[in-house]
Amino acid sequence: MHWADFRAQRLSERDVPQVIVSGITPSGEFHIGHLREILTAEMIHRACLDAGLDSRYVFIVDSMDPLRRVYDFLSPEYEKYIGVPLAYIPSPNPDGTPSTGSVSYAEYFLNPFLESLREIGVFPEIEMNHEAYEDGRFSEKIDQAICNRKEIREIIMTVSGRELPEDWFPYSPRGPNGSMDGVKVTDYEYPFVSWVNEDGVTGTADIRKADGKMPWRIDWAARWIIHQVTCEPAGKDHGAAGGSFDTGIPICEVLGGIPPEKIVYEWIQLKGMGPMSSSSGVTIGPMEALSLVPPEILRYVIARSKIGRHIEFDTGSALFEMADEYERLLSRVETGEISKRMQTRIDTRKGALRLSQVVRNSDPSDSIAGVSFRHLSMLAQIKSSDEEVWESLRNSGHLSGNPSDSLVVRLTKMRNWIGGSHFPEDARIIIQSVIGDDFRENTSEEQKIFLRRLSKSLEDCEWNQDSIREVIRECTSICELVPRDGFSSLYWALLGRGHGPRASALISEMDKRVLIDLLSGV
RNA sequence: GGGCCUGUAGCUUAGUCAGGUAGAGCACCGGGCUUUUAACCCGGUGGCCGGGGGUUCGAAUCCCCCCGGGCCCGCCA
C-alpha cells in the first residue's frame, strides 16, 4: 500500500471531515524542498478523496511570521523590518532594496510558487495566516493560551527541555514600528495586551487584530483547532524529540483541541552536478525544475519515496532513470506467481503512479511519451527541428502518427535541459574536432582503412541519411569488416567513444567538409 | 549531551509495521534484430540483507549491543 493510502486509511478512523494542511514561511525564494512539504500533504489529501473521504487541502502561508534577519539577497534597509510580519513589509526589488509597490514581501515570494503548484496540479485553499489574526479568528485561542500560560510554559519546558523565563508570555505584541522585537508584555485584560518596548514606549495590542502573534509552538497548536486540521506532515526539524510537534500535541489539548497524528518527512537533498552543486550554495527552484522535468515526473520523485527517506534530487543522469522508470511501470505486466511481497510492491507503485498524475484520476498511460528519456535526449541533440525528431521516432517505431501532447512537452523540456548546465556530460553528444588518442588506442589498422575509404566515398555522397547509411554499409562490406566494428571505429573518430546514436543520422547533421577533414586525420 | 532517519547486488532501491527459502531497475556480459551499434527483443552473471548476540521450528523483518552514513535540537520556522 502506498504511504498516502496508508495515511488516508488511518485518518478514516477519525470520522470527521479531513483537513490536510501544509505550512510554509515565505521568507525567501521557494525551493524544491518545499515541494515535498506540499506534495506529501496533497497526496494524502488525494488518497483521502480516493478512499471516499471528505477532504480539503489547505496551504497555510505563514505570512504573520516576522522577518528574522537581513538575508543576503536583501539590502541593509531591511534592518528596520526585522521582527515585522512578512505580510506587512514591502517586497524587495531585484537589487534587494525595498520596493514601493503594493505587493507584500510574503506575496512576492509566494506568487510564483503558487504558479508552479498549478503546473503540477496542486490547487490548495490558500490561507494567509496574518488574515486569521486580522479577522480575530485567533483571539479565543490567544485568550486561552494567556490564561493557561503557566501550564503551556511548563509543557514547553518539560517536553523541549528548554528554560523559559518566569514572565514568559504566549503572545508577542507588535511595537510602534510594527516589530515584535524587544517588546515586553506588562499586563493583560481581554482583549488588550499591554506592552512596553526598549525605549520605554508603552501601548496595547488588541488580540482580535493583527497587533501581535503567538510564538510558533503555540501558534501551530492553535491553528490545528482553528482550521480543524486532521493531518499536517511536518519537516524533520519539527519532528526531533522535544520539537514543535511534541509540544504542539499537548498544547493543542490544553487549548481544547484534538491534535493531528505526528507525521514527519525527510528533506530533499540536492545532488550536485557540474556547476550546480550544493557546496556552491546554488539551489534549484520549483520553476527551474519544471522547465526541465515534466510535472508528472516531478510528482513521481516525491510519490515514489517513502516519507521517511531522504530524496536526492538529481537533475543529472539519475533523471533519465527516474523518467524511464516511470514509463516502465506503466507498461510492465507482472507474470508468473505473485508472492505477497511482490503484490505489496506492485500496489505501492501503482499508488505512486496514480498520485503522480497532474490531473487527479486521469489515466497514467496518457502521460507516457513512449520513448525513453535517453533516446529522446539523443534525438534532440542531433535533430535541430522537432519535426525531424518525430520523423525519426516514426521510423524507429516509437511513434505512429502525430506526437502526443505529453511527448511534445517532453521534447521542449528536454531541449531546455540539454541547453542548460544540469544536463549530464556523459549524455552530451560532442563531435570531436580532431582525432584523439582514444581513437588510436581503440581501433585496428583494418578499421582505419575502412574510415579512409569511407571518407573518400562520402565526398561524392548525397547528404542525406539514406545515402550516407548506404555508403557506410558498402564500405564495411568492401573492407570485409563486421558492421559492428565499422560503426565502432566511426564513433571513436566522431565522438571519442565506442558507441553512439545512429551514425547516418549523426553524420547527416554534420557539415560534410568538417566531417571529411576530421576523418582525414585517421 | 538528547533525538530522528538510514545501512539489502558495482549503483539506485523493494520487501521491515502484520517473521516463512531476498525482488526490481540501471550498469555489465551473452544472443537476436541480415537499414537504426545511446533504438528494440531475449537471456545471464552478480546479495553470508553493516557487524555481533538473543527470541523462534524458521529472522533482512522482532529484541539488545556495536559500527558506518545523513540530519535535527537558542531564537525562529
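Letters go in sequence order (proteins before strands), and every chain restarts at 1.
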Q: Take atom P in rU21(B) and the same atom in rC28(B), then report the distance between them in whole Å.
A: 33 Å
Q. Given the C1' atoms of rA14(B) and rC67(B), what is the spacing between them in whole Å?
A. 25 Å
**Q.** Donor/acceptor link under 3.5 angstrom from R473(A) side chain onto base of rU35(B)
**A.** no
Q.
Would you measure the distance from the C1' atom in rG19(B) across to the matching atom in rG3(B) and give it in whole Å?
A. 28 Å
Q | Spacing of OH belonging to Y88(A) relative to OG belonging to S179(A), to within rounding of 0.5 Å | A | 14.0 Å
Q.
Distance check needed: rG25(B) C1' versus E325(A) CD, whole Å only.
A. 7 Å
Q. Of all the nucleotides listed (rC5(B), rA38(B), rC71(B)), which has the minimum atom distance to the side chain of I429(A)?
A. rA38(B)
**Q.** Rounded distance (Å) that lies between atom P of rC73(B) and atom NE2 of H238(A)
**A.** 10 Å
(Q) Can you confirm whether R304(A) sits close enough to I311(A) that some side-chain heavy atom of one is under 4.5 Å from a side-chain heavy atom of the other? (A) no
Q: Could you work out the separation of rA59(B) and rC64(B) based on their C1' atoms and round it to a whole Å?
A: 15 Å
Q) Just the dot-bracket of RNA chain B, please: which string comes out with Watson-Crick or G-U pairs under 3.5 Å, [ ] for crossing, | for another strand? A) (((((((..((((......[..)))).(((((.......))))).....(((((..]....))))))))))))....
Q. Charged N to carboxylate O under 4.0 angstrom, E296(A) versus R410(A)?
A. yes
Q.
Taking only the C1' atom of each, what is the distance from rG25(B) to rC62(B) in whole angstrom?
A. 30 Å
Q: Compare all side-chain heavy atoms of D5(A) with those of T348(A) and state whether any distance is below 4.5 angstrom.
A: no
**Q.** Gap between atoms CZ and C1', on F373(A) and rA39(B) respectively (whole Å)
**A.** 17 Å
Q.
Whole angstroms only, please: what is the CZ-P distance between R36(A) and rC71(B)?
A. 15 Å
Q | Rounded distance in Å - CG (D246(A)) to C1' (rG2(B)) | A | 12 Å
Q.
Between R223(A) and M378(A), which residue's closest nucleotide on RNA chain B lies nearer the 5′ terminus?
A. M378(A)
Q) Given rC5(B), rU35(B), rC76(B), which nucleotide is nearest the side-chain atoms of R68(A)? A) rC76(B)
Q. Rounded to whole angstrom units, what separation is found between the CD1 atom of I268(A) and the P atom of rC72(B)?
A. 15 Å
Q: Please tell me which of P66(A) and S488(A) maps to the more 5' nucleotide of RNA chain B, matching each residue to the nucleotide holding its nearest heavy atom.
A: S488(A)
Q) With no hydrogens and no angle check, is any side-chain donor or acceptor of Y105(A) less than 3.5 Å from a backbone partner on P26(A)? A) no
Q) Over how many whole Å does the gap from Y491(A) atom OH to rA38(B) atom P extend? A) 7 Å
Q.
Categorize G243(A) for me: base, sugar-phosphate, or nothing, with a 4.0 angstrom heavy-atom threshold over every strand shown.
A. nothing
(Q) Quick check for you: to the nearest 0.5 Å, what is the distance between I418(A) atom CD1 and M378(A) atom CE? (A) 11.0 Å
Q.
Roughly how many Å apart are rG20(B) and rC40(B), using the P atom of each and rounding to a whole number?
A. 36 Å
**Q.** Lys/Arg N to Asp/Glu carboxylate O, E166(A) vs R153(A), below 4.0 Å
**A.** yes
Q | From CD (E37(A)) to CD1 (I268(A)), nearest 0.5 Å | A | 11.0 Å
Q. Got a donor-acceptor contact below 3.5 angstrom from the H375(A) side chain to the L393(A) backbone?
A. no
**Q.** Rounded distance (Å) that lies between atom C1' of rG7(B) and atom CD of E266(A)
**A.** 14 Å
Q. In whole Å, what separates the P atom of rC11(B) from that of rC49(B)?
A. 15 Å
Q | Whole-Å P distance, rU61(B) and rG50(B) | A | 8 Å
Q | Cationic N near anionic O, under 4.0 Å, E127(A) to R223(A) | A | no
Q. Does the side-chain contact (heavy atoms from CB on, under 4.5 Å) test come out yes or no for I472(A) and I507(A), once each step is laid out?
A. CA-CA 11 Å; I472(A) 298 173; I507(A) 291 171; 4.2 Å; yes
Q. Base, sugar-phosphate alone, or nothing: which one does K213(A) contact when heavy atoms must sit under 4.0 Å apart?
A. sugar-phosphate
Q: Among the candidates rC71(B), rC76(B), rA39(B), find the nucleotide nearest to the side-chain atoms of P215(A).
A: rC76(B)
Q | Protein-to-nucleotide contact annotation, 5' to 3' order, nucleotides 11-19 of chain B [B base; S sugar-phosphate only; - none; under 4.0 Å, heavy atom] | A | --SSS----
